[in-house]
Amino acid sequence: AFQLRQILLNIISNAIKYTDKGSVSISANAVNISQDKIMLQIRVIDTGTGIAQKDIPHLFDEFSTNVHRSEIVAGSSGLGLNIVKKLVDLHKGAITVKSELEKGTTFTVELPYSTKEDAKRTKGNLLEKQQLIIGGIKILLVENDTFNQKFLTQLLSRQNALVQVVADAETALVHIGKEHFDLVLTDIGLPKISGTALAGRIRNSGTGNAGVIIFGLTGFNKEEVKDENGHFNEWFVKPFKSADLLEKINRYFPGKMTV
């Protein structure tokens with residue numbers, strides 16, 4: 001459910017951002033219904049600025065900052081719509097875009113769902129059902145994307161974690177010098193000082209946080225991220241499942257997480 005919410009919030013935020021006049025409408029319908037499956041079709045229609053036809057094929061590219069509507073939710077990283085495409089692909093769905101400059105844009109998302117309850121629960125559903133609780137862990141979240149800030153803060157706070165959120169490495173280093181943290185979650189594509197450089201500075205800070213557990217969050221493949229000095233304990237490629245993050249935290253802090 002959280003991934004569907006992530007898809008919709010990205011697209012709807014995108015539509016609202018570029019619709020100064022007119023409207024943004026949303027529709028949802030079940031199509032292609034069979035005995036064991038349905039296709040959920042969602043349309044987000046706006047009357048905003050529109051997108052040039054030449055830009056549409058590149059709308060979901062990573063870091064396609066030349067395409068103005070791909071920059072919305074992920075701020076300067078240009079990953080918002082790219083993550084939407086990855087999430088849709090993860091669900092074996094499809095996303096299409098129709099647009100005309102100065103007239104508006106229509107995003108159509110189709111996602112298949114089973115109408116039968118699986119006999120075996122997935123790991124994610126099982127963890128969600130069990131409600132893992134991260135008791136007493138203090139986490140520094142370094143993320144400049146406002147959507148990801150809210151999403152991760154809500155996820156971790158529901159597990160009783162204490163979350164300090166900052167948007168850049170400079171502010172993170174100030175907190176590192178003053179407070180103790182059990183875990184640092186940092187995006188790699190931060191402005192000015194990257195998440196990789198931040199991890200190196202933490203390790204060489206000479207503070208009590210020099211040995212803190214650090215998880216890296218990236219829109220790249222893990223193989224593309226350079227961490228020659230091994231400053232990171234774990235990597236997560238966006239989009240990732242909340243259950244995977246919680247399970248990994250549980251491995252590092254088994255005494256502080258209870259079911």
For the hydrophobic clusters of this structure (ILVMFWY residues joined by side-chain heavy atoms under 4.5 Å, transitively), does one cluster hold both [X] and [Y]?
{"X": "I83", "Y": "I16", "result": "yes"}
{"X": "I26", "Y": "I7", "result": "yes"}
{"X": "V174", "Y": "L140", "result": "no"}

Distance check, rounded to the nearest 0.5 Å: [X] atom [atom1] versus [Y] atom [atom2]?
{"X": "L217", "Y": "T186", "atom1": "CG", "atom2": "OG1", "result": "7.0 Å"}
{"X": "L40", "Y": "H91", "atom1": "CG", "atom2": "NE2", "result": "10.5 Å"}
{"X": "N250", "Y": "L246", "atom1": "CG", "atom2": "CG", "result": "9.0 Å"}
{"X": "N148", "Y": "D187", "atom1": "CG", "atom2": "CG", "result": "7.5 Å"}
{"X": "L155", "Y": "L141", "atom1": "CG", "atom2": "CG", "result": "10.5 Å"}
{"X": "I45", "Y": "K98", "atom1": "CD1", "atom2": "NZ", "result": "10.5 Å"}

Restricting to non-hydrogen atoms, name the atom on [X] and the atom on [Y] that form the minimum distance, rounded to 0.1 Å.
{"X": "A161", "Y": "I139", "value": "CB-CD1, 3.9 Å"}
{"X": "N144", "Y": "G189", "value": "OD1-O, 4.0 Å"}
{"X": "A169", "Y": "V142", "value": "N-CG1, 4.3 Å"}
{"X": "F232", "Y": "A199", "value": "CZ-CB, 3.5 Å"}
{"X": "I38", "Y": "A30", "value": "CD1-CB, 4.5 Å"}
{"X": "L87", "Y": "P239", "value": "CD2-CB, 3.2 Å"}

Do [X] and [Y] touch side chain to side chain, with heavy atoms closer than 4.5 Å?
{"X": "F151", "Y": "L9", "answer": "no"}
{"X": "L245", "Y": "L185", "answer": "yes"}
{"X": "S99", "Y": "I56", "answer": "yes"}
{"X": "H231", "Y": "T196", "answer": "no"}
{"X": "N82", "Y": "K86", "answer": "yes"}
{"X": "N14", "Y": "L81", "answer": "yes"}
{"X": "I11", "Y": "I42", "answer": "no"}
{"X": "L111", "Y": "V88", "answer": "yes"}

Residues two or more places apart in sequence or in another chain: which of them pass side-chain contact (heavy atoms from CB on, under 4.5 Å) with E170? D168, K192, I193

Only counting residues at least two apart or in another chain, list the ones meeting side-chain contact (heavy atoms from CB on, under 4.5 Å) with K37. S34

Candidate pair T106 and R43, rule side-chain contact (heavy atoms from CB on, under 4.5 Å), full reasoning: CA-CA 7 Å; T106 299; R43 280 199 174 99; 4.1 Å; yes

Between Y252 and N233, does a side-chain contact (heavy atoms from CB on, under 4.5 Å) hold up when you go through it step by step? CA-CA 10 Å; Y252 282 89; N233 298 90; 3.6 Å; yes

For [Y], is there any backbone N or O sitting under 3.5 Å from a side-chain donor or acceptor partner on [X]?
{"X": "T105", "Y": "A15", "value": "no"}
{"X": "S23", "Y": "S25", "value": "no"}
{"X": "T218", "Y": "V237", "value": "no"}
{"X": "R203", "Y": "V212", "value": "yes"}
{"X": "D182", "Y": "I137", "value": "no"}

Side-chain ion pair, D89 and K85, N-O less than 4.0 Å: yes

Is the closest basic N to carboxylate O distance between E179 and K138 below 4.0 Å? yes

Using 30° and 60° as the class limits, which term best fits the ring planes of F236 and F215: parallel, tilted or perpendicular? tilted

Relative to the ring of F107, is the ring of F60 parallel (under 30°), tilted (30 to 60°) or perpendicular (over 60°)? perpendicular

